[in-house]
Amino acid sequence: MKDKMLLLNSWPFIVRHLRQTITHLQENAYKVYQNEESKVSHRSLRSAVFMDNFRKQRVTGQPRSLSELVGEREVWQHLHSSFTWLLKAGGLRLQERLIEGPPVNIYIADGSGTGNGLSVRELYNTLGGSIFHRMMHHLLIGRQVILRGSSTKIISALIHSLQPLLPKHCYKAIQFSPHYIAGTSCNILGLQSLVNIPQAVLETGNLCLIEIISKKENSDIQDTYNKTNLPRTSSVINFNVKNKELETADNIKPGNTEATEAEDIVESIKKFTFKITDEGSLPSRPPQVLNRIESAVCNSTITPSALMIYISTVIYEWINKVKVWIHVQNLKKMSNSHPERIPSPVNYSQSVTRTSPIPILRGSTNSLSRSPVMPAFRSASPGTLNSVPQELTPQDERHQLLAALGSTEWDVPLLEFWAKNFNQISGQEVC
């Protein structure tokens with residue numbers, strides 16, 4: 001059958017009744033054997049085989065059918081009835097109910113269309129692999145990304161393109177601001193090229209500053225920067241946009257279709273270069289989410305629509321891990337404040353949720369635990385899945401939780417960032 005959960009929950013029931021059928025056949029065959037043994041010894045019959053081939057054919061005869069072996073003429077009808085009843089009873093004893101969570105669009109932005117932005121692959125090719133990797137690493141662990149330049153249309157398009165790469169509650173963007181806004185209010189900020197960032201903010205290292213500079217003026221700007229030897233607060237050169245090419249992206253002709261407008265943006269972006277001029281130090285390894293997104297983006301065989309579905313699936317998978325992370329953290333807080341309300345330690349392996357609707361099979365409470373798959377699974381990691389020791393250090397509990405989630409220490413900043421204000425998403429409760 002295709003339904004693995006139904007098969008695993010039905011397995012003990014099927015095995016028990018098949019074993020009864022097998023036992024019944026063996027008992028009947030043993031009775032026939034004892035009856036024949038009392039008349040003629042089978043050992044003497046086996047000796048006759050070597051003595052006389054003709055006698056062998058007459059005494060032993062041809063191979064016998066199952067009905068003769070068990071002494072029951074209607075054994076095939078009985079087996080057919082038994083198997084038919086087993087299939088019917090096995091299907092009726094369990095009631096399947098699909099538990100569907102809230103709609104995916106509550107947590108993830110609709111990436112079916114790019115709107116006024118770029119596709120994820122276009123964004124990757126525009127920024128380059130290195131800048132895209134560092135920028136996304138900052139975003140995924142909760143740091144502020146600032147895009148500073150002169151073209152409102154280009155900055156807005158880039159910021160809009162980042163929306164499908166984050167959960168909705170982690171995407172707080174201001175597309176273009178005349179002054180700096182703190183990261184607590186927005187984690188993606190578009191700034192005019194003349195806006196300076198406070199020195200105190202730069203020193204925290206909780207941001208990634210990306211400059212958008214015209215290719216024609218890039219060389220002149222670099223020379224000016226080297227001569228003046230400006231400090232970090234002024235690492236971005238202020239210049240007035242006089243070249244008409246810088247204004248191309250802001251002067252898209254009205255009446256164009258959405259596709260034409262996107263093409264104009266792509267052509268306009270080609271006239272700019274991108275450079276990270278200030279950023280905080282990053283962990284040595286990125287979260288798994290970023291690795292999976294980059295692998296999919298670099299795979300040219302994946303179509304744009306399939307790529308968006310894959311990215312949404314990855315984000316939704318980790319949202320479910322964040323739910324478990326929050327649930328366990330809440331249990332820890334409750335146990336610290338009210339120890340008497342927590343009767344036993346948390347079994348992290350039972351707290352893991354799945355990314356897709358799971359059928360709940362009623363009528364077989366512990367049947368899954370008796371399936372042949374589970375004992376082997378338990379034997380592989382008996383101390384982790386079956387029972388949690390009574391006394392565990394916080395570090396051990398953390399390792400067990402991460403192992404149950406399929407995560408590592410490099411994913412903890414992402415889990416903690418995504419867990420912020422998670423309960424406020426459309427009034428949904430986490431667990």
Side-chain angles (χ1 to χ4, degrees), residues 100-115 117-124 127 129 132-145 158-173 186-188 208 282-283 285-299 302-327 351-358 401-402 404-408 410-431:
E100 296 188 5
V104 178
N105 57 12
I106 291 181
Y107 307 108
I108 304 173
D110 183 15
S112 58
T114 58
L118 307 175
S119 67
V120 177
R121 186 167 284 136
E122 289 174 340
L123 178 65
Y124 181 88
L127 298 179
F132 180 87
H133 178 89
R134 291 153 63 187
M135 176 190 69
M136 286 304 304
H137 196 170
H138 285 287
L139 275 180
L140 290 173
I141 63 177
R143 296 182 181 176
Q144 188 180 39
V145 170
L158 293 175
I159 292 178
H160 184 78
S161 303
L162 295 172
Q163 187 172 5
L165 298 173
L166 290 172
K168 276 189 176 180
H169 69 287
C170 296
Y171 179 82
K172 299 178 180 179
C186 66
N187 61 332
I188 305 175
C208 174
L282 288 168
R285 296 184 183 178
Q288 297 182 50
V289 174
L290 179 54
N291 292 333
R292 294 175 64 179
I293 290 177
E294 287 181 322
S295 298
V297 170
C298 295
N299 189 347
I302 301 178
T303 62
S305 58
L307 177 62
M308 295 310 304
I309 295 174
Y310 176 80
I311 293 176
S312 300
T313 303
V314 171
I315 294 176
Y316 191 60
E317 173 188 345
W318 280 82
I319 284 176
N320 282 279
K321 295 183 180 184
V322 170
K323 292 180 182 180
V324 180
W325 177 271
I326 296 175
H327 179 69
S351 302
V352 179
T353 59
R354 295 178 180 256
T355 59
S356 59
I358 299 176
L401 175 58
L402 292 175
L405 293 174
S407 307
T408 63
W410 312 110
D411 301 311
V412 172
L414 179 144
L415 294 172
E416 292 179 344
F417 170 55
W418 287 22
K420 290 182 180 180
N421 302 322
F422 191 81
N423 286 332
Q424 300 178 4
I425 304 177
S426 301
Q428 282 294 129
E429 292 295 333
V430 176
C431 295

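- Gln288 contributes a side-chain N or O that, together with a main-chain N or O of Gly406, makes up a donor-acceptor pair within less than 3.5 Å.
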* What do the steps show when you test Val120 against Ile311 for side-chain contact (heavy atoms from CB on, under 4.5 Å), and what is the final call? -> CA-CA 10 Å; Val120 177; Ile311 293 176; 4.0 Å; yes

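- Every residue two or more places apart in sequence or in another chain that forms a side chain to side chain contact (heavy atoms under 4.5 Å, CB included) with Pro413 is listed here: Ile141.
- For the pair Ile315/Leu166, no side-chain contact is recorded, criterion being any heavy-atom separation below 4.5 Å from C-beta on.
- Of all heavy-atom pairs spanning Cys298 and Tyr124, the tightest one is SG-OH, 3.4 Å.
- When the side-chain hydrogen bond (donor to acceptor under 3.5 Å, both in side chains) test is applied to Thr408, the partners found at least two apart in sequence or on another chain are Asp411.
- Among all heavy-atom pairs drawn from Pro286 and Trp410, the shortest one is O-CB, 4.1 Å.
- Distance check, rounded to the nearest 0.5 Å: NZ of Lys168 to CD1 of Ile319 gives 10.5 Å.
- Ala173 and Ile159 get closest at one heavy-atom pair: CB-CG2, 3.6 Å.
- Looking at residues two or more places apart in sequence or on another chain, you find a side chain to side chain contact (heavy atoms under 4.5 Å, CB included) between Glu294 and Phe132, His133, Leu290, Asn291.
- Residues that satisfy the salt bridge (charged side-chain N to carboxylate O under 4.0 Å, His left out) test with Arg134, not counting sequence neighbours, are Glu279.
- In this structure, Trp325 and Val412 have side chains that are in contact, with non-hydrogen atoms separated by less than 4.5 Å.
- Considering NZ of Lys420 and NE2 of His169, their distance stands at 10.5 Å, rounded to 0.5 Å.
- Contact detail for Asn187 and Tyr171: the closest heavy-atom pair is OD1-C, 4.0 Å.
- Nearest approach of Pro164 to Met308, heavy atoms of both residues: CB-CE, 3.4 Å.
- Contact of the Leu139 side chain with the Leu165 side chain is not registered, since no non-hydrogen atoms from C-beta on lie closer than 4.5 Å.
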* To do: Just do the side-chain contact (heavy atoms from CB on, under 4.5 Å) check on Leu123 and Leu158 with the steps written out, would you?
  => CA-CA 7 Å; Leu123 178 65; Leu158 293 175; 3.7 Å; yes

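- How far CE of Met136 is from CG of Leu162: 6.5 Å, rounded to the nearest 0.5 Å.
- Considering only heavy atoms from C-beta on, Ile293 stays 4.5 Å or farther from Tyr310 through its side chain.
- For Arg292, the salt bridge (charged side-chain N to carboxylate O under 4.0 Å, His left out) partners two or more places apart in sequence, or in a different chain, are Glu317.
- Not a single donor-acceptor pair under 3.5 Å links the side chain of His160 to the backbone N or O of Leu118.
- The two residues Lys321 and Ser407 have their closest heavy-atom pair at CD-OG, 4.1 Å.
- With sequence neighbours left out, the side chain to side chain contact (heavy atoms under 4.5 Å, CB included) criterion links Ile302 to Arg121, Ala296, Asn299, Ala306, Leu307.
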